[in-house]
Amino acid sequence: MDSETNTAADYAAEYRALRPRLLSVAYSLLGSVEEAEDSVQEAWLRLDRAQRDPEQEEIRDVAAWLVTAVSRLALDTLRSARRRREEYVGEWLPEPLVQHGDPADRVTLDESMSMAMLVVLESLSPAERTAFVLHDVFGLSFAEVGKVVGRTPAACRQLAARARKHVTERAPRFDVDADEHRRIVDAFRAAVRGGDLDGLVAVLDPDVVMRSDGGGVVRSALRPIVGAHKVARFMLGIRSRYGAALELRPATVNGRPGLVGEMEGQTDSVIAFAVSGGRIVEIAGVRNPKKLKWAGGTAGDRHGDG
């Protein structure tokens with residue numbers, strides 16, 4: 001933008017154009033749509049105040065300013081959330097993003113930000129997660145990352161390297177395309193609906209891990225379930241308990257084929273899958289109602305530019 005013609009409308013227009021990317025940055029750092037929305041909203045309010053302050057030096061690179069501001073706010077939130085998440089009842093899983101309708105104003109995820117990846121990122125320190133996400137996922141320089149985490153570029157390089165090693169060791173590798181992923185998820189769905197134990201075991205890796213998040217609000221497994229037969233029996237137990245009242249519908253969850261569970265027309269759960277070697281290696285089932293706000297629609301309803 002020309003520094004001689006910048007107006008409040010100019011700033012608002014650039015903010016609106018950047019908003020999906022800002023939401024994606026914040027969500028990747030936090031694993032929470034609501035907290036991501038709050039960070040982006042607060043960054044906009046700070047930009048608005050700054051551009052109205054006659055004593056404030058003009059912000060020439062609005063995009064860089066906003067990405068930095070959103071990242072700092074998200075990092076502060078992440079640090080304060082660590083204790084809350086440690087005290088969480090059962091497994092803490094990220095809020096799932098379910099694809100609906102027009103994508104123009106929702107979180108635009110990088111393809112690497114699967115639920116499985118977000119679960120791994122939870123095990124990093126806030127600084128490591130921030131360095132990895134901003135540099136490896138969003139392409140910021142280590143000098144730019146340093147402005148967010150308050151460390152030197154060399155220190156940020158080390159943070160990212162440690163995080164990268166951790167992610168490489170723990171994140172499942174996706175070696176199937178979307179069509180094959182969908183075929184395997186469809187087979188899982190059919191086996192659950194048909195009460196087919198053998199069919200269900202056949203699509204699960206022998207060492208599959210299933211995590212579920214009820215937040216202490218609704219019923220869920222408090223610890224990970226490991227092993228194909230244990231996971232299969234757990235899923236068929238759910239099917240037996242609820243019968244036809246629970247409908248599993250195909251959906252796109254964090255950019256990959258998944259399922260949405262519905263009870264009496266209401267979203268009951270969202271299930272994400274990691275698939276490798278032709279079988280399901282990880283399952284993440286979110287049932288906490290507080291985390292299902294966006295499962296029935298898109299994130300990004302609050303614009304905050306008016």
Side-chain angles (χ1 to χ4, degrees), residues 27 31-34 36-37 88-103 105-107 109 113-116 118-119 178-179 181-197 199-200 203-204 208-222 224-225 230-275 280 282-301:
Y27 174 78
S32 165
V33 180
E34 186 169 6
E37 286 271 4
Y88 195 79
V89 177
E91 290 281 307
W92 189 96
L93 293 175
E95 287 182 47
L97 288 176
V98 180
Q99 184 172 320
H100 293 278
D102 184 2
D105 191 38
R106 67 163 172 265
V107 181
L109 280 184
M113 287 297 106
S114 64
M115 286 287 283
L118 289 169
V119 169
D179 289 340
H181 189 127
R182 169 57 67 197
R183 185 193 68 77
I184 293 168
V185 171
D186 285 346
F188 173 94
R189 175 173 177 257
V192 172
R193 294 178 74 187
D196 181 359
L197 177 63
L200 192 50
V203 298
L204 298 174
V208 62
V209 178
M210 179 175 186
R211 299 177 176 88
S212 56
D213 178 348
V217 180
V218 296
R219 188 171 182 174
S220 67
L222 297 180
I225 301 171
K230 289 182 179 179
V231 170
R233 285 194 292 269
F234 180 82
M235 289 302 306
L236 294 184
I238 292 174
R239 184 63 180 177
S240 176
R241 185 180 308 123
Y242 296 108
L246 174 62
E247 177 63 33
L248 296 176
R249 301 191 183 280
T252 298
V253 181
N254 283 60
R256 289 181 169 82
L259 299 171
V260 171
E262 294 184 355
M263 293 273 288
E264 299 179 350
Q266 299 295 315
T267 299
D268 171 81
S269 56
V270 173
I271 309 173
F273 300 85
V275 175
I280 296 166
E282 289 193 16
I283 302 172
V286 179
R287 295 199 66 219
N288 185 344
K290 295 180 180 179
K291 296 185 178 183
L292 299 179
K293 293 179 182 179
W294 309 117
T298 62
D301 294 331

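Reckoned from all heavy atoms, side chains included, excluding hydrogens, waters and symmetry mates.
- Summarising the geometry of Glu91 relative to Pro224, their closest heavy-atom pair is OE2-CD, 3.3 Å, with the distance given to 0.1 Å.
- Classification of Asp186 and Arg182 as a salt-bridged pair holds, one side-chain N sitting under 4.0 Å from a carboxylate O.
- The shortest side-chain heavy-atom distance between Phe188 and Leu204 falls under the 4.5 Å cut-off.
- Rounded to the nearest 0.5 Å, atoms NZ (Lys230) and CE (Met210) are 14.0 Å apart.
- In this structure, Ser269 contributes its side chain and Gly285 its backbone to no donor-acceptor pair below 3.5 Å.
- Between His181 and Pro257 the shortest heavy-atom distance is NE2-O, 3.2 Å.
- No donor-acceptor distance shorter than 3.5 angstrom exists from the side chain of Lys293 to the backbone of Val33, with no hydrogens or angles considered.
- Counting all heavy atoms, side chain and backbone alike, Ser212 lies closest to Ser220 at OG-CB, 3.7 Å.
- Qualifying side-chain hydrogen bond (donor to acceptor under 3.5 Å, both in side chains) partners for Ser32, counting only residues two or more places apart in sequence or in other chains: Glu95.
- The closest donor-acceptor contact from the side chain of Arg239 to the backbone of Leu246 lies under 3.5 Å.
- No donor-acceptor pair under 3.5 Å is formed between the side chain of Asp268 and the backbone N or O of Met263.
- Put simply, the side chain of Arg256 never gets that close to the backbone of Phe273: no donor and acceptor are under 3.5 Å apart.
- In this structure, Phe234 and Ile283 have side chains that are not in contact, with every pair of non-hydrogen atoms separated by 4.5 Å or more.
- The main-chain N or O of Leu97 is found under 3.5 Å from a side-chain atom of Asn254 such that the two form a donor-acceptor pair.
- Residues Val253 and Ile271 form no side-chain contact, since every pair of their non-hydrogen atoms from C-beta on lies 4.5 Å or further apart.
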